[in-house]
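Numbers restart at 1 for each chain; the letters A, B, ... are given by sequence-line order, proteins then strands.
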Amino acid sequence: MLDPRHVADHLDEIRASMARRGPAAAALLDDALASHVRGRRECIVRGDALRHAQKESNAAMARMDKKSPEFAARRDELRRTSDEVKELEARQKEHEAAIELALLAIPNTPHEACPPGTSSEDNPVVRTWGEKPDVPTPKPHWDIGTALGILDFDRATKISGPRFAVLLGQAARLERALITFMVDLHAREHGYREIWVPAIVARRTLRGTGQLPKFEQDVFRLVKGASLVAAEAEASEAGAATGEDADLFLSPTAEVQVTNLYGGEILESLPIAFVAYAPCFRSEVGSYGKDVRGLIRRHQFDKVELVRICRPERSMEELELLVGHAETVLKRLGLHHRVVELCAGDLGFAATRTYDIEVWLPGEGAYREISSCSNCTDFQARRASIRFRDDKRNRLVHTLNGSGLAVGRTMVAILEQGLQPDGSVRVPDALVPYFGSDRIVAE
RNA sequence: GGAGGAGUGGCCGAGUGGUUUAAGGCAGCGGUCUUGAAAACCGCAGGCUCCGUAAGGUGCCCGGGGGUUCGAAUCCCUCCUCCUCCGCCA
């Protein structure tokens with residue numbers, strides 16, 4: 001969420017910045033928002049003055065003879081003041097609701113350094129690591145995995161539906177090995193504190209990081225047991241606005257849980273760095289026909305997530321640090337990859353600046369995203385209200401997150417880059433102690 | 001799922017319609033005293049919002065929301081959370 005005062009006072013400036021994301025984003029910033037901000041302020045100024053007078057009068061009444069005509073006169077007068085205060089408060093709330101409604105739909109402004117562009121075609125390559133490995137007959141990973149007998153997509157569809165996977169034998173073991181390897185690397189060498197969080201989150205949590213309200217279609221919402229649903233319907237009939245808030249969702253990324261961990265708090269020491277292994281769930285309704293085969297795009301996948309919370313002035317340095325940590329995973333695994341920077345038009349909702357790490361997939365003949373590292377500045381911190389004490393003043397922190405890495409996609413890269421002429425797959429040296437073998441062979 | 005109880009500042013804990021600007025204590029910070037420390041004493045201490053260049057000030061905040069009243073921590077409604085017991089359960 002952007003700062004409403006700042007938006008109201010610098011409307012043209014913000015609109016120009018937002019135009020770099022595209023015309024639709026810029027159009028979200030209309031003059032109505034600024035007028036609501038002013039209207040709210042007017043209600044507060046007038047209301048505060050009235051309440052001040054009301055308070056003094058009430059104090060006087062406390063000392064008066066409750067049966068005197070003066071008391072009755074004062075009471076009648078204050079009755080009118082009270083009505084006016086209530087009306088002002090109602091108007092103030094309307095303004096605030098309008099402001100929030102508008103702001104929740106507005107994405108973060110792109111950083112000055114964020115390159116111009118409208119789509120992923122325009123993302124400049126920042127650096128490339130390693131060489132394309134010599135794979136004589138490249139194959140897509142689903143063919144490799146199915147031939148080895150370690151991936152089963154048909155049976156996954158049978159038990160759960162499309163866009164799920166079953167991992168067998170060495171693949172299941174590789175998944176575990178990768179998770180442990182990645183968490184160990186970040187926890188032991190990069191200074192992150194390990195954290196394990198629930199996979200199910202409340203609506204307010206998704207709102208804090210910006211997934212809701214705008215991207216409700218991208219997440220899975222849970223339906224509770226019949227009796228609870230009935231109780232909920234009863235509650236909303238009674239006029240309570242809590243029914244909606246009682247909803248639970250499957251988290252699409254641990255960024256959600258970990259970033260919101262300190263929501264509403266004032267932090268004593270920064271920076272904070274967490275590494276979390278967590279399952280992620282995405283509905284993928286907007287990607288029909290895209291990556292339908294294989295492990296690339298599933299409804300459920302594992303991810304090791306890095307989250308950093310820091311002082312505002314440090315966040316750009318922290319972003320570089322974060323990308324470096326994520327990239328180290330691929331370097332240790334010897335997987336050829338490149339780092340691109342997202343152009344303004346390709347930027348995620350909460351991000352001001354983002355680096356994507358793209359790993360080389362020989363079977364596909366393309367680089368594919370395996371990590372996305374973003375600086376969200378104070379956008380999420382404002383929504384979630386995460387602050388720190390800075391010399392007597394409370395300020396919003398900056399939040400950053402990045403995958404370190406997407407586990408399934410890492411497995412894809414290992415299978416495709418490590419494919420040997422005999423159909424077996426070479427396991428990266430760094431992973432051998434975790435996996436227990438230097439080769440994946442047919443089962 | 002059933003029955004009961006409880007939510008007050010960083011923590012403990014008074015307070016059942018009007019000098020309560022929330023008593024008191026502990027922890028915290030600053031100071032006096034001391035060679036140093038402790039003790040004692042004095043003082044300062046929260047969040048949000050709005051006005052203001054600032055200094056400073058207004059208003060709001062006793063789990064959340066709504067209501068009654070001239071006036072609510074206190075009365076009413078509602079939701080949430082936690083605790084205890086029973087049942088079920090990996």
Side-chain angles (χ1 to χ4, degrees), chain A residues 1 3-9 34-100 103 196 198-205 207-208 224-248 260 262-269 279 378 381-397:
Chain A
M1 188 155 68
D3 177 9
R5 289 189 68 135
H6 188 252
V7 172
D9 295 343
S35 86
H36 279 302
V37 170
R38 280 193 300 273
R40 170 178 173 273
R41 204 173 327 189
E42 282 162 19
C43 289
I44 289 170
V45 170
R46 173 90 182 120
D48 280 4
L50 279 175
R51 272 186 296 265
H52 182 59
Q54 199 179 23
K55 244 176 126 173
E56 293 196 329
S57 239
N58 272 320
M61 283 177 80
R63 289 187 295 268
M64 286 166 79
D65 175 9
K66 308 294 185 289
K67 293 195 175 74
S68 66
E70 289 82 13
F71 186 90
R74 188 70 80 96
R75 188 184 58 209
D76 292 344
E77 184 196 327
L78 280 182
R79 200 173 284 164
R80 285 191 297 276
T81 311
S82 183
D83 287 345
E84 196 182 343
V85 166
K86 274 175 188 160
E87 196 209 307
L88 277 167
E89 282 173 350
R91 268 171 52 199
Q92 184 184 333
K93 274 185 186 172
E94 281 170 30
H95 286 305
E96 282 172 354
I99 291 164
E100 190 177 345
L103 283 178
W196 186 94
I200 295 174
V201 294
R203 178 176 288 271
R204 61 179 172 278
T205 308
R207 186 182 288 233
K224 292 188 265 183
S227 60
L228 277 171
V229 170
E232 215 172 85
E234 206 178 302
S236 37
E237 257 175 50
T242 51
E244 197 181 60
D245 215 48
D247 283 343
L248 291 174
N260 279 288
Y262 295 122
E265 298 187 30
I266 298 167
L267 302 172
E268 298 291 339
S269 70
D378 60 9
R382 185 171 295 103
R383 285 189 169 216
S385 186
I386 309 168
R387 292 164 297 162
F388 71 105
R389 200 175 304 280
D390 185 31
D391 193 34
K392 298 237 171 194
R393 177 166 297 183
N394 294 324
R395 296 173 65 197
L396 293 167
V397 298

[X] has an atom [atom1]; how far is it from atom [atom2] of [N], in whole Å?
X	N	atom1	atom2	value
A:Asp76	B:rU69	CG	P	13 Å
A:Glu268	B:rC29	CD	C1'	13 Å
A:Gln54	B:rC70	CD	C1'	8 Å
A:Phe71	B:rG17	CZ	P	16 Å
A:Glu89	B:rG65	CD	P	12 Å
A:Lys93	B:rG67	NZ	P	7 Å
A:Leu78	B:rG71	CG	C1'	8 Å
A:Arg41	B:rG52	CZ	P	8 Å

Sort out the partner of [N] for me: Watson-Crick or G-U wobble, both distances under 3.5 Å, none otherwise.
N	answer
B:rC85	B:rG2
B:rA90	none
B:rU53	none
B:rG46	B:rC61
B:rG36	none

For [N], does either OP1 or OP2 sit under 4.0 Å from a side-chain N or O belonging to [X]?
X	N	value
A:His52	B:rU58	no
A:Arg74	B:rC70	no
A:Ser82	B:rU69	no

Answer yes when [X] and [Y] have at least one side-chain N-carboxylate O distance shorter than 4.0 Å, and no when they do not.
X	Y	result
A:Asp76	A:Arg79	yes
A:Arg51	A:Glu89	yes
A:Arg40	A:Glu94	no

Over all strands shown, is [X] touching base, sugar-phosphate only, or nothing at heavy-atom distances under 4.0 angstrom?
X	result
A:Arg5	sugar-phosphate
A:Asn394	sugar-phosphate
A:Arg46	nothing

[N] and [M]: how far apart are their [atom1] atoms, nearest whole angstrom?
N	M	atom1	value
B:rC75	B:rU69	C1'	10 Å
B:rC11	B:rA27	P	16 Å
B:rC33	B:rU19	C1'	37 Å
B:rA23	B:rU8	P	16 Å
B:rC29	B:rC79	C1'	39 Å
B:rC41	B:rG46	P	23 Å
B:rG30	B:rA45	P	15 Å
B:rU68	B:rC76	C1'	7 Å

For this session: Please check if the side chain of A:Arg383 supplies one atom and the backbone of A:Arg207 the other of a donor-acceptor pair under 3.5 Å.
Result: yes
Exercise. Side chain of A:Asn260, backbone of A:Thr205: donor and acceptor closer than 3.5 Å?
Worked result: yes
To the side chain of [X], which of [options] is closest?
X	options	answer
A:Lys55	B:rG59, B:rC70, B:rG66	B:rG59
A:Asn58	B:rU58, B:rC70, B:rU69	B:rC70
A:Ile44	B:rC50, B:rG47, B:rC70	B:rC50
A:Arg389	B:rC50, B:rG71, B:rG47	B:rG47
A:Arg79	B:rG59, B:rC51, B:rC70	B:rC70
A:Lys86	B:rC51, B:rU58, B:rU69	B:rU69

Problem set entry | For the student: nearest non-hydrogen atoms of A:Cys43 and A:His95, plus distance | SG-CD2, 4.1 Å
Exercise. After noting the C-alpha distance and the side-chain angles of A:Arg46 and A:Glu84, does the key distance pass the salt bridge (Lys or Arg N to Asp or Glu O under 4.0 Å) rule?
Worked result: CA-CA 10 Å; A:Arg46 173 90 182 120; A:Glu84 196 182 343; 2.8 Å; yes
For this session: Report yes if some heavy atom in the side chain of A:Val37 is under 4.5 Å from a heavy atom in the side chain of A:Val7; otherwise report no.
Result: no
Problem set entry | Most 5' of A:Gly47 and A:Ile266 on RNA chain B, judged by nearest nucleotide | A:Ile266
Exercise. Taking for each residue the nucleotide of RNA chain B with the nearest heavy atom, is it A:Arg51 or A:Arg75 whose nucleotide lies nearer the 5' end?
Worked result: A:Arg51
